[in-house]
Structure formats: C-alpha cells, structure tokens
Visitor: 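Sharing a structure below in structure tokens format, with a few things to ask.
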Protein chains: 2
Amino acid sequence: MTARTSTDTAREIPEATVARLPVYLRALTTLSESGTAVCSSEDLAAAAGVNSAKLRKDLSYLGSYGTRGVGYDVDYLRYQIAREMGATRDWPVVIVGIGNLGHALANYSGFRSRGFRVVALLDADGQRHGEVVAGVVVRPFDDLAAIVHEHGVAIGVIATPAASAQDVADRMVESGITSILNFAPTVLNVGDHVAVSKVDLSKELQVLAYHEQRKATAEEAAKASAAQEPA
Amino acid sequence: MTARTSTDTAREIPEATVARLPVYLRALTTLSESGTAVCSSEDLAAAAGVNSAKLRKDLSYLGSYGTRGVGYDVDYLRYQIAREMGATRDWPVVIVGIGNLGHALANYSGFRSRGFRVVALLDADGQRHGEVVAGVVVRPFDDLAAIVHEHGVAIGVIATPAASAQDVADRMVESGITSILNFAPTVLNVGDHVAVSKVDLSKELQVLAYHEQRKATAEEAAKASAAQEPA
DNA sequence: GCCGTTTTGTTCTCGCGTTCACAAACTCAT
DNA sequence: ATGAGTTTGTGAACGCGAGAACAAAACGGC
Ligand SMILES: NC(=O)c1ccc[n+]([C@@H]2O[C@H](COP(=O)([O-])OP(=O)(O)OC[C@H]3O[C@@H](n4cnc5c(N)ncnc54)[C@H](O)[C@@H]3O)[C@@H](O)[C@H]2O)c1
Ligand SMILES: NC(=O)c1ccc[n+]([C@@H]2O[C@H](COP(=O)([O-])OP(=O)(O)OC[C@H]3O[C@@H](n4cnc5c(N)ncnc54)[C@H](O)[C@@H]3O)[C@@H](O)[C@H]2O)c1
C-alpha cells in the first residue's frame with residue numbers, strides 16, 4: 001500500500017517550482033482582493049507572468065486543486081499553496097546589521113504580512129544599541145544565541161558588510177539557525193544542513209549593464225556591416 | 001571567412017554564465033586585494049563558490065585568457081571580464097521611490113564602486129523633494145524624461161509601492177530607459193526591447209521557510225514511521 | 001632538447017526544466 | 001440524457017546547463 005499520509009507533504013517539489021509558488025501566492029492575493037472568486041490557469045499565469053502550461057504543471061505537484069472546464073477557486077488554491085509553503089504559520093526572524101539596508105528591512109511591512117515576524121535587530125556597534133526601529137529595539141550581537149533559543153528562530157538575515165558576514169553566519173549556525181538570507185556580497189561557507197539564499201543587488205545591475213552593452217555593440221556591428229556591404 | 005571582429009563581443013554567452021560573471025569579478029577583486037597575482041581555476045572556483053569545471057567553461061565563452069599548467073593572471077582576467085560585462089564604463093542610473101528602500105539604495109556605496117552612478121533620485125511625494133540623500137537631491141518624478149535625456153540614462157530602479165510600479169515603468173520606457181531593476185512585488189508589462197530584472201526579498205524568505213517546513217515535516221514523518229515499525 | 005607534471009579548454013553525457021499537445025473531466029444548454 | 005464547449009492535468013519531446021573526464025598546452029628540471 002502506498003497511500004499518502006494525511007498531511008501529504010511527502011512529494012518532491014522541484015526547486016524551480018518552489019521559487020515560483022510565492023509569485024502565484026501574490027497573484028492570487030491580488031485576484032482575491034479584486035473580487036475574483038474563480039480563475040483559469042490562463043488568467044493566473046498572466047497575472048504571475050508565466051506560461052500557463054508551466055503554471056498548471058507547477059500546481060500539479062501540490063495536488064489536483066482545480067476543476068476541469070472551470071478553473072481554480074482563488075481562495076481555496078491560495079490556502080493550499082500557503083499551507084504547502086509554510087505561510088500559514090508565523091516565522092520568527094532576526095536581522096543582523098542595522099545599517100542602511102537593515103533599517104529598510106526592519107521597516108518593511110511586506111515581511112510581516114507574509115508571516116515573518118522580526119523578533120530581534122542585532123548590531124555589533126554599541127552606538128546603535130537601544131535605538132528603536134519599527135517598534136523593535138536594536139540589541140548587541142552577542143544576544144543572538146539567547147534570542148534564537150527563546151523564540152525558536154530558524155531564519156536569520158545578514159545585512160552587515162561583507163567582511164563580517166562569514167563571522168555572523170558562523171555565530172548564527174552555532175546558535176541553531178538553519179536558514180540564512182545573505183545580503184552581503186560574499187560566499188558563505190556553512191554546513192550542509194544550513195540553507196543559504198543570497199541576494200546580490202549589484203549583480204542584478206551588472207547583468208542589466210551587460211545586456212545594455214551587448215545591445216550597443218550589436219547595433220554598432222550592424223551599422224558597420226551595413227556600411228561595408230551595401231552592394 | 002568567419003574571422004571575428006577586433007572587439008570580439010559577437011559570441012553568445014549563456015544567460016546562466018552571465019549571471020555568474022559578476023561573482024567571478026568580485027572574487028577576483030578580493031584575490032587581487034589580498035596580493036594574489038595568479039590563481040588556478042580551482043582557487044577561483046572556491047572563492048566564487050562554484051565547481052571548477054563550470055568556472056572554466058564559463059570563462060571559455062569569453063575567450064582563452066588562462067595559461068595551461070599555470071592558471072589565470074588575476075588582474076588580466078579581471079579586466080577581461082569587466083570589459084565583457086561593460087563594467088569598464090560608467091552607467092548612469094535613476095532611482096524612483098525614495099522611501100525606506102530607496103534611501104538604502106541611494107546610500108549604497110557598492111553601486112558606485114562597480115560603475116553605477118546615481119544621477120537622480122525621484123519621488124512623487126512633494127514632501128520629499130529637496131531632501132539630499134548621499135549627495136543627490138530628491139526631485140519630482142516628472143523630471144524623469146529630462147534627466148534620462150540629459151544623462152543618457154539606460155537603467156532605472158523602481159523602489160515604489162507595488163501599486164505605482166507599472167505606472168513608473170511605463171513612464172521610464174516612454175523616457176527611453178531600456179533596463180529596469182524592479183523591487184516592487186509586481187509583474188511588469190513592458191515591450192520586448194526592455195529588460196526587466198526583479199528582486200523579490202519576500203520570495204527569498206518564503207523559499208527558505210518552505211525548506212524549513214519540509215525539514216520539520218520530514219523529521220516528524222521519520223519519527224512516526226520509526227514508532228510504527230520498530231519491529 | 002626531452003619528459004613528467006600541472007592546469008586549461010573542450011567534448012560528452014546526463015538530468016532537470018520548459019513547452020507542446022491532448023485526453024480526461026467538468027459545465028451548460030437543449 | 002446528450003452533445004458541444006471549456007479547461008485541467010499530464011505524457012512526451014526538446015533544449016539548456018551541470019559535471020565528469022580527457023586531450024592539448026605550457027612549465028620546470030635535468
Ligand atoms: N544599502 C544597500 O542598499 C545595499 C545594497 C546591496 C547590498 N548591500 C549590502 O548589504 C550589507 C549592508 O549594507 P549597508 O549599506 O546597510 O551597510 P552599513 O554599513 O550601513 O550597515 C552595516 C551594519 O552592520 C553592522 N555590523 C558590522 N559588523 C557587524 C558584526 N560583525 N555583527 C553585527 N553587526 C555588524 C554595522 O555596525 C552597521 O550598522 C553590505 O554587505 C552591503 O554590501 C547593501
Ligand atoms: N523596505 C524594504 O526593505 C523592502 C523589502 C522588499 C521589498 N520592498 C519593496 O520596495 C518597494 C518600496 O518599499 P519601501 O519600504 O521603500 O516603501 P516606502 O513606502 O517607504 O517608499 C515608497 C516611496 O515611493 C514613493 N512613490 C509612491 N508612488 C510613486 C510614484 N508613482 N512615483 C514616484 N514615487 C512614488 C513614495 O512617495 C515613497 O517615498 C515596495 O514595493 C516594497 O514592496 C521593500
């Protein structure tokens with residue numbers, strides 16, 4: 001017998017699909033807020049900016065939550081995706097490095113509304129201690145272990161300069177954090193059991209610049225060859 | 001005759017490779033600063049956090065800049081990658097939406113050091129006009145077209161709420177911007193000739209939360225099955 | 001000048017992800 | 001009830017990227 005358990009989270013969902021589920025979630029929320037009760041895969045795909053076949057295949061990994069000939073019940077599907085993603089529960093988060101970026105992150109309401117609760121803001125700089133950002137007080141970095149233990153924090157955010165990032169990551173892992181979102185432009189070395197997600201803003205700009213440059217040189221090449229062989 | 005032009009930028013570089021070149025660039029800079037003159041693909045791959053075979057293949061798309069039996073000249077390779085990426089020239093950039101995130105971006109020195117020059121900060125809110133952030137004054141959003149024209153801006157950054165993002169993008173495209181970095185959690189509809197890169201911070205956290213959730217349920221399942229069949 | 005050593009550049013294979021295309025399943029009108 | 005019209009869920013084909021493996025090239029010692 002190969003019957004699934006009641007919670008039914010055993011299936012392997014491809015990584016590429018997991019990365020898109022938050023986008024679908026957001027699109028469904030928008031649709032729901034605009035009063036749409038049911039939508040087709042075509043509609044949702046358009047809202048999420050993907051191919052409808054891809055959307056249907058992605059959703060099929062979660063289960064069969066649509067109705068053929070009709071479409072998907074927006075709220076029902078939204079709940080199913082949220083449950084699968086772990087978005088139905090609250091995730092305590094600590095942010096380390098309350099500089100420019102740390103302030104912005106602490107003030108960002110979008111985290112809260114998606115189930116992430118900032119339980120602590122930590123900084124190594126004593127000057128910053130005691131400052132209140134978005135209702136949370138900045139505390140010494142050394143309080144990390146105690147806070148992680150107290151709140152059962154699994155997710156940590158690093159917004160320190162690159163030079164400190166590896167140290168901070170080590171301390172986070174020591175304290176029991178198993179998922180890290182890293183904004184510092186450094187490769188972090190951590191154990192296999194720790195998940196690291198890196199966001200590199202400069203990288204994104206550099207990729208855009210590359211394509212701009214390519215466009216420019218391509219145009220130039222076209223012009224040159226047009227000038228050379230207008231035979 | 002299929003001889004290449006002198007600038008030799010005609011080759012198609014895979015998108016996955018382009019996304020890694022900035023990482024190599026950063027790793028090379030770090031190596032150079034630490035006084036390393038020559039490095040092997042193994043060394044550089046370790047610094048960049050990738051497989052050495054992948055690194056060599058990536059570099060091979062740019063040309064043959066290494067020496068067999070020796071390795072790569074750090075500064076030479078760095079220059080070659082920088083040239084290919086368009087990082088040797090200056091890219092004027094405008095940031096629209098000077099709220100929490102916009103402030104952090106404007107203050108970020110990492111953009112400047114990688115060849116991106118913030119030529120203007122724009123906001124629709126009159127209250128913010130005149131404020132000086134990182135030496136640049138915040139101006140009305142309506143100045144966009146004039147600024148783009150004056151400085152030849154190709155790249156725009158959107159840091160407004162999601163509700164305004166599409167409008168801002170439309171105005172950017174109208175003004176002549178052809179590459180957009182979007183921080184608002186919305187899908188932007190733009191013409192094919194415009195490149196859009198989206199950074200979605202909540203998404204990253206949600207993916208981490210998913211894996212945390214999976215780890216938790218997997219452990220539970222293992223415990224349950226261990227309890228059921230300790231035969 | 002030749003041989004062993006090192007390390008690059010490239011070829012080959014495999015697996016994942018995307019997309020097409022269609023059968024199955026559902027609704028609605030008659 | 002039945003058939004026409006929709007829309008989902010999925011099997012199959014395809015293309016791209018990752019990684020292993022190796023041949024070609026450079027260096028150094030003798
Ligand atoms: N500001 C941006 O928009 C932006 C954009 C892209 C990337 N980043 C990256 O994000 C990181 C932070 O950028 P920022 O502009 O906020 O820098 P910042 O200098 O304003 O802030 C860094 C903060 O980290 C604290 N810190 C330093 N070492 C620490 C340690 N060991 N433990 C705890 N706290 C420590 C500092 O006291 C400071 O408050 C950097 O790595 C930067 O490259 C920032
Ligand atoms: N703050 C963060 O750390 C963070 C994290 C992730 C995503 N984001 C996203 O980044 C965006 C900005 O976030 P924020 O926290 O800085 O918001 P914010 O409200 O602090 O700032 C938004 C700014 O945009 C301006 N604005 C609004 N409409 C505009 C328009 N049509 N033209 C020009 N300017 C306009 C507002 O006046 C305001 O100054 C949001 O979409 C948010 O979802 C922010």
Visitor: Could you list where the contact with chain B starts and ends along DNA chain C, reading 5' to 3', using a 4.0 Å heavy-atom cut-off?
Guide: C/dT6 to C/dC12
Visitor: From C-beta outward on A/Ser60, which listed nucleotide comes closest to its side chain: D/dG17, D/dG9, D/dT8?
Guide: D/dG9
Visitor: Going by heavy atoms closer than 4.0 Å, what residues in residues 17-29 of chain A are next to DNA chain D?
Guide: none
Visitor: So which one's nearest nucleotide on DNA chain C is more toward 5', A/Thr67 or A/Lys57?
Guide: A/Lys57
Visitor: Checking contacts here: which listed nucleotide (D/dA21, D/dA26, D/dG9) is nearest the side-chain heavy atoms of A/Tyr72?
Guide: D/dG9
Visitor: Determine which pairs satisfy side-chain hydrogen bond (donor to acceptor under 3.5 Å, both in side chains) with at least one residue from residues 169-180 of chain A, sequence neighbours left out, and list them in order.
Guide: A/Asp142-A/Arg171, A/Gln166-A/Asp170, A/Thr178-B/Glu212, A/Ser179-B/Glu212
Visitor: Can you confirm whether more than 12 heavy atoms, excluding those of A/Arg112, are under 6.0 Å from its CZ atom?
Guide: no
Visitor: Just how far, in rounded Å, is C1' of D/dC16 from NZ of A/Lys54?
Guide: 13 Å
Visitor: How long is the line joining CG of A/Leu62 and P of D/dT8, in whole Å?
Guide: 15 Å
Visitor: As an exercise, state the distance from CG of A/Leu25 to NZ of B/Lys203, rounded to the nearest 0.5 Å.
Guide: 13.0 Å
Visitor: Taking B/Leu28's backbone N and O only, do any of them form a donor-acceptor pair with B/Ser32's side chain (distance below 3.5 Å, no angle check)?
Guide: no
Visitor: Provide, to the nearest angstrom, the distance between the CG atom belonging to B/Asp58 and the P atom belonging to D/dC16.
Guide: 16 Å
Visitor: Looking only at the side chain of B/Arg68 (C-beta and beyond, no hydrogens), which of the listed nucleotides D/dG17, D/dT7, D/dA25 gets closest?
Guide: D/dA25
